[in-house]
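The block underneath contains the structure these notes are about, expressed in C-alpha cells.
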Amino acid sequence: MRAELPTAELESRLSFGSAILRGADCEVYRSDWSSVAGEIPVLSILPASVEDVVAVVRWAVRHAIPLVPSGGRTGLSGGATPRSCDVVVSLERMRRILAVDAEQRTMTVEAGVATQVVQDAAAAHGLLYPVDFASRGSSQIGGNIATNAGGIRVLKYGLTRDWVAGLKMVTGSGELLELNRGLIKNASGYDLRHLVVGSEGTLGIVVEATLKLAAAPPPQQVLLLALPAMSMVMQAYARLRRTLSLSAFEFFTQAALEHVVAAGARAPFASPSPCYVLAEFDHDEAAMSAAFEELAASGVVTDAVLAKNNAEASGLWRLREGITESLSHRKPYKNDVSVRPGQIPSFMLRMDKLFGAEYPGFEVIWFGHVGDGNLHISIIPPAGYPREAFLAQCDRVTHMLGGVLQDFGGSISAEHGIGLLKRPYLRYTRPSAEVELMRQMKHVFDPKGIMNPGKLFPP
Ligand code: LAC
Ligand code: ZN
C-alpha cells in the first residue's frame, strides 16, 4: 500500500506551510502517552489551513485511506495511535489564536493551539480558560475537544464541553461544518457540537473552536491534608465545601506520594499517612482555619500544610500532578473510572476488596478527582513479572471492575476516553442499544469509515 498512495494529487491542493512527512519523520506520531505501542504511519500530513484539512479528507474519501487525527498525543487510551496503514493528520501547524473577544469572553483558536497557550492568552486579557491538567503544555485544544478533557478544576468549572461555544469540523465525508457559531442561545434542533465533543476523532476532524472564558478567580489558597484512612476522604470533602468555595479537591495515597518523592519532589510531612487531599479554594483564612480545626478535632485530618505563596502552592500541586509522570517508567495498567460523588465511599470499599483479592503482590496506586467522583487507579506488578501475564490479569480484573461499575451505574472512562484500551469494557457503561446508535451516527458522519478506524467501538 505504501508505494501506491496517490500523494501527488494531494500535494497540489495543499497550501504553503503544510507538509507531508514520510518514513522516520513519522516516528513521532506513532504513540501517545498511553502504553499502546502503535505503528509508524505510512504518511503524516500537517495541514496549515482549514481548506487543507478539507482537501486531505476529500482525498482520503476518494481513495478510502484511513485517517488518524493527531493533537498533542498526551492521551492515555491510545485514541491517537495509528496503524502502519493509517495516514496521520496532525494539527500542529494550525496553532493560531484567531480572535479574543474580552467583552463577550470568548476566544477563537485553531485546533492545534496548546491548552496552556489558550490559558496564557486568556490571562493576558484578565480572563481565565479554566480547563486544566498536567499535560497543559503539550495537549492541544482539538484533542481536548475530541476527548472532552476534564482535569483538576472540573469541580468548579466543568469539562471542556462546557467551554466550547462553537466549533468547526470537517466530517468524514469532507464537509466543513460550523457548529453553534459561538451563540449562547440557540434552540434550533440537534446540537451537533456536543456530539463532536468527546467523539475521539471518529466523526471528523475538529479544525477550529470558539471557547468561552471565565472571569479571573479571586486569590486561591492551596491546602494539603493528611488523613488516617481512605474512607474519610469524602468527610473532609463535605466539611470543606460547606464553608469554602472549592476549585479543586484531589486525592492520593501514600503509595502515590512515594513515587513522586522518588522522582524528586519534597515530602510534605515528616511522617507518612495513608492518604492525602489537596484542596484549592478562594482565599478565606477564617473559614479555612475553622474547617481544619473541626476536621482535626474529629480525627478526619491528622496534619496539614498550607501554601504560603505561589511557589509553595506549585510545590503542593506537583505532589498531585506529578503522579502519572513519576509512574510512567513502571508502565502501570491504568483505570480511570467514575461514579456519582456520593457513592465514592461505598465504591472505594468494593474496589478495595476486589483489588485486594485479585492483585496480591501488585502495587495498587489510588489517586484522582474524588470531588467529581473520578478515581484513577494505577497497577504496577512486582519487578520481573512477565508483561503478558500482568496484562491478562489486569484485563480479567477490569472486567470484574466493569461489573461493579454496572452495579453503581458508573463509567469505565471518566476522562481519558475509550480509544483502543477501553474498548473491551465499553459495554459495562454503554448498553448495546446506545453503542448501536453511536455506530449509526458515525456512519452518517463518516460513511466510508475512514475516521480513526478501530477506535472507541468494541472490535
Ligand atoms: C491525572 C491524569 C492521569 O489526573 O488524568 O493526573
Ligand atoms: Zn485525571
Side-chain angles (χ1 to χ4, degrees), residues 31-36 71-80 115-116 130-140 143-144 146-162 198 200 222 224 233 237 246-253 255-261 263 265 275-280 314-339 341 344 347-348 351 363-380 394 398 410-419 421-422:
S31 51
D32 57 14
W33 286 9
S34 72
S35 55
V36 177
R73 291 179 301 284
T74 57
L76 295 167
S77 298
T115 313
Q116 188 162 16
V131 179
D132 196 19
F133 30 73
S135 60
R136 59 183 75 82
S138 314
S139 82
Q140 297 173 6
N144 293 175
T147 56
N148 189 21
I152 54 180
R153 295 206 172 79
V154 172
L155 189 66
K156 179 168 181 184
Y157 293 105
L159 297 142
T160 298
R161 179 184 303 290
D162 299 301
E200 301 193 26
V222 178
L224 184 72
V233 165
Y237 178 55
L246 291 172
S247 54
F249 187 87
E250 297 284 320
F251 144 84
F252 52 97
T253 55
L257 178 65
E258 278 167 20
H259 285 278
V260 185
V261 169
C275 71
Y276 305 93
V277 154
L278 185 152
E280 187 184 80
S314 304
L316 293 183
W317 264 116
R318 183 177 168 205
L319 301 174
R320 164 62 187 88
E321 291 203 292
I323 296 170
T324 290
E325 205 179 330
S326 74
L327 297 176
S328 63
H329 69 287
R330 303 291 302 275
K331 296 209 172 105
Y333 182 88
K334 296 188 179 88
N335 287 123
D336 160 44
V337 295
S338 66
V339 293
I344 281 277
F347 179 64
M348 275 180 158
M351 282 179 83
E363 203 181 337
V364 179
I365 297 164
W366 300 67
F367 59 107
H369 321 280
V370 275
D372 310 326
N374 178 188
L375 290 168
H376 298 311
I377 306 102
S378 289
I379 317 293
I380 299 177
C394 292
T398 302
S411 178
I412 193 68
S413 176
E415 62 173 2
H416 295 168
I418 300 297
L421 287 177
K422 303 294 165 62

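Order of appearance sets the numbers: ligands from 1, and atoms from 1 within every ligand. When a residue number appears, it is its place in the shown sequence, counting from 1.
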Practice task
Could I get the full list of salt bridge (Lys or Arg N to Asp or Glu O under 4.0 Å) partners for Glu200, not counting sequence neighbours?
Solution key: none
Fill in the blank from the handout: Taken in chain and number order and not counting sequence neighbours, the residues that satisfy salt bridge (Lys or Arg N to Asp or Glu O under 4.0 Å) with Glu415 are none
Problem - CD (Gln116) with more than 12 external heavy atoms under 6.0 Å - result: yes
Practice task
Write out the protein residues near ligand 1, meaning a non-hydrogen atom under 4.0 Å from one of its atoms, in order of chain and number.
Solution key: Leu76, Arg320, Thr324, Phe367, His369, His376, Glu415, His416
Fill in the blank from the handout: Atoms of type N, O or S from the protein that sit nearer than 2.8 Å to the Zn ion (ligand 2) number exactly 3
Handout entry: Heavy-atom check, side chain of Tyr157 versus side chain of Asp132, under 4.5 Å
Key = no
Exercise for the section: In plain terms, say whether Arg320 and Glu280 are close enough for a salt bridge, that is, a side-chain N and a carboxylate O under 4.0 Å apart. Expected result: no
Practice task
Please determine, by modelled atom types, if Trp317 and Glu250 share a side-chain donor-acceptor pair under 3.5 angstrom.
Solution key: no
Practice task
Check the side chains of Thr160 and Asn144 for a donor-acceptor pair under 3.5 angstrom, ignoring hydrogens and angles.
Solution key: no
Handout entry: Within-4.5 Å side-chain heavy-atom neighbours: Ile365 and Leu327
Key = yes
Practice task
Going by the side chain to side chain contact (heavy atoms under 4.5 Å, CB included) test, name the single residue among Ser77, Ser138, Ser328 that passes it with Trp33.
Solution key: Ser138
